[in-house]
Amino acid sequence: MRIDAEIVATGDELMTGAVQDTNSSLVCRRLRETGVRVRRVTIVGDPQPDIEMALREAAARARVVVVSGGLGPTEDDRTAAAAANLAGVPLERNDRALEHIREMFRRFGRDMTPNNAKQADFPRGAEMLDNPVGTAPGFAMDLGGARAFFMPGVPRELTKMLEEQVLPRVSKIREASGATTALATRVVKTYGFGESRVETELAGIDWPKEISVGYRAKFPEIHLRLYAEGAADALPVALAKAEAAIRQRLGVRVFGVDEDSFASVLGGLLVARGWRIALAESCTGGLLGSILTEVSGSSNWFDRGFVTYSNDAKRAMLGVAEATLAANGAVSEPTVREMAAGARDRSGCPIALAITGIAGPTGGTPEKPVGTVFIACAMESQVESRALKLVGDRERVRLGAAFAAMDLARRMLLGAAG
């Protein structure tokens, strides 16, 4: 037996695309980690009849309904009224909720306008859900056979309320139902093959019966999502077996799982050796350094970056020879190799990466079209380089170049540069 849930996200801003619905993806993930499967996500605008219809349909299908948005102070915030009308009960002012709103305004040092009191109006019999970081409390109530949880749509507020108010209550519902089916997910992250090639390479694997596999392209990575469902004690074994099968087929193209990022994995390899890395970037203009330093603790393994767009900068900062530039140009394999070696030597780091290329949309030639990129990794006394032909717009070329450089360094650190 399992517990199913549905999500209803409200707001014209979601329907028009002005705001991206990040809340629903978070709720889906956290509910699944709690052992509850989300079967459907519905997005509706502000009209009250639309909200009522979405709530009615969700409550008819699911045991748990999670609702975001429409609890604010303005006229277009109609979720509470829709829930009350659907349940056939009036809205009533909740004194504790009203005091919470007043206290939040005092804490923020702002005057409370009369319309903010509207946020304390709940359907009769609803349970208040505390909002410790915003003015609008949430509420929970029964809608038919479902328990519905209503939260504001502000992501920071919803995240806090989901963890502290909703998930503990959902866990109790699941326990009381006697649900025995457990859910788990593992994301296996790959680089180097496209989505269709990854699926082809994995064809014929006899997946454990508890596992289903989904594919997601997140340029330039391909993620395999392993969805496990079954007895709780069987899921870790099934996930481990499925991951091992993927690694056996894809080898070094698997770079991490779950919360691993390319940069964090590269950082881990550097920390294991006690090394720091330096960069020399031309067409990426510091993008690779930005990606690496997004990782918390990167100061333990990231040393410095040289951004050398001009030939003068390549000569002065990295020691690239004038003869090399004159004979081959700034975008060439000899130049990128000298850039990497120069960054290594001048930083004193045992490893350095370099990138040069034509990101576009202008600057290409018949001999070196837009998307021509050269990368190099200087590791101790060794220099490895690659010539790339990347496609796409400027952003895609730059990002592809940065990831290719990270992958070259990763493979060299693993002893698998070929």
Side-chain angles (χ1 to χ4, degrees), residues 1-9 21-43 57-68 143-149 158-159 162-163 165-190 195-196 198-218 221-250 254 256-260:
M1 180 180 177
R2 63 169 181 259
I3 295 290
D4 288 341
E6 292 202 13
I7 298 170
V8 176
D21 178 26
T22 58
N23 289 334
S24 293
S25 60
L26 170 67
V27 175
C28 285
R29 177 172 59 83
R30 292 296 290 120
L31 283 175
R32 186 174 184 87
E33 291 169 355
T34 308
V36 175
R37 183 166 62 174
V38 176
R39 301 304 300 268
R40 187 174 302 192
V41 177
T42 302
I43 300 176
E57 293 176 352
R61 291 186 293 255
R63 178 68 182 86
V64 171
V65 178
V66 178
V67 187
S68 66
L143 288 176
R147 187 65 173 173
F149 301 91
L158 179 139
T159 299
L162 178 68
E163 297 298 328
Q165 301 293 317
V166 175
L167 294 179
R169 288 170 169 82
V170 171
S171 293
K172 290 181 180 179
I173 292 172
R174 185 176 183 276
E175 292 168 5
S177 73
T180 56
T181 300
L183 303 172
T185 304
R186 182 169 301 172
V187 182
V188 180
K189 300 181 177 181
T190 75
E195 188 173 8
S196 58
V198 169
E199 184 180 41
T200 300
E201 293 292 324
L202 300 182
I205 289 179
D206 183 17
W207 302 107
K209 62 182 178 60
E210 297 88 354
I211 299 293
S212 61
V213 183
Y215 296 83
R216 181 194 175 202
K218 185 182 179 184
E221 304 169 9
I222 301 297
H223 294 179
L224 287 88
R225 303 191 72 88
L226 305 178
Y227 299 104
E229 181 173 351
D233 58 354
L235 300 193
V237 175
L239 287 169
K241 183 177 179 181
E243 180 185 338
I246 294 169
R247 289 182 179 274
Q248 193 277 327
R249 293 285 184 93
L250 299 182
V254 176
V257 297
D258 293 335
E259 300 305 313
D260 289 338

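Small disclaimer: the values here were computed from a predicted structure and weren't measured. In what follows, residues are counted from 1 in the order of the sequence shown.
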Residue pair Ile211 / Ala228: nearest heavy atoms and the distance that separates them
CD1-CB, 3.7 Å
Short question: side chain of Arg169, backbone of Gln165 - any donor-acceptor pair under 3.5 Å?
yes
Can you give me every donor-acceptor pair (side chain of residues 25-32, partner residue at least two apart or in another chain, under 3.5 Å) with its distance?
| from | atom 1 | to | atom 2 | distance (Å) |
| --- | --- | --- | --- | --- |
| Ser25 | OG | Thr22 | O | 2.8 |
| Arg30 | NE | Glu163 | OE2 | 2.7 |
| Arg30 | NH1 | Glu33 | OE1 | 2.6 |
| Arg30 | NH2 | Glu163 | OE1 | 2.9 |
| Arg32 | NE | Thr185 | OG1 | 2.8 |

Closest heavy-atom pair and its distance - Gly230, Leu235
N-CD2, 3.7 Å
Mind checking what makes side chain to side chain donor-acceptor pair (under 3.5 Å) contact with Arg225, not counting sequence neighbours?
Tyr227
Is there a side chain to side chain contact (heavy atoms under 4.5 Å, CB included) between Val213 and Leu226 once you walk through the steps?
CA-CA 5 Å; Val213 183; Leu226 305 178; 3.9 Å; yes
Minimal non-hydrogen separation, Leu143 against Ala59, with atom names
O-CB, 3.4 Å
Would you check, one step at a time, whether the test side chain to side chain contact (heavy atoms under 4.5 Å, CB included) holds for Trp207 with Ile246?
CA-CA 10 Å; Trp207 302 107; Ile246 294 169; 3.6 Å; yes
Search all heavy atoms of Arg147 against all heavy atoms of Ile173 and return the closest pair with its distance.
CB-CD1, 3.7 Å
Got a second to check how far Thr190's OG1 is from Glu221's CD, nearest 0.5 Å?
8.0 Å
On a heavy-atom basis, which atom in Ala184 and which in Leu239 lie closest, and how many Å separate them?
CB-CD1, 3.9 Å
Passing candidate, side chain to side chain donor-acceptor pair (under 3.5 Å) with Glu6, options Arg61, Arg39, Arg63
Arg61
Evaluate Glu229 against Arg37 for salt bridge (Lys or Arg N to Asp or Glu O under 4.0 Å), listing each step before the verdict.
CA-CA 10 Å; Glu229 181 173 351; Arg37 183 166 62 174; 3.2 Å; yes
Supply the atom-to-atom distance Arg174 CZ to Leu167 CG, rounded to the nearest 0.5 angstrom.
12.5 Å
Using modelled atom types only, decide if a donor and an acceptor are shared between the side chain of Lys189 and the backbone of Asp260 within a distance under 3.5 Å.
yes
Where at least one partner belongs to residues 204-213, residue pairs that pass salt bridge (charged side-chain N to carboxylate O under 4.0 Å, His left out), sequence neighbours excluded:
none
Derivation and outcome, side chain to side chain contact (heavy atoms under 4.5 Å, CB included), residues Tyr215 and Leu224
CA-CA 5 Å; Tyr215 296 83; Leu224 287 88; 3.8 Å; yes
Evaluation steps, side chain to side chain contact (heavy atoms under 4.5 Å, CB included), between Leu250 and Leu202:
CA-CA 8 Å; Leu250 299 182; Leu202 300 182; 4.0 Å; yes
Give a yes or no on whether the backbone of Val36 and the side-chain of Thr34 come within a donor-acceptor separation of less than 3.5 Å.
no
If we only count heavy atoms from C-beta on, is the Arg249 to Ile205 side-chain gap below 4.5 Å?
yes
Any donor-acceptor pair under 3.5 Å from Ser68 side chain to Ala9 backbone:
no
Can you name the nearest heavy-atom pair linking Lys241 to Pro208, along with the distance?
CD-CG, 3.9 Å
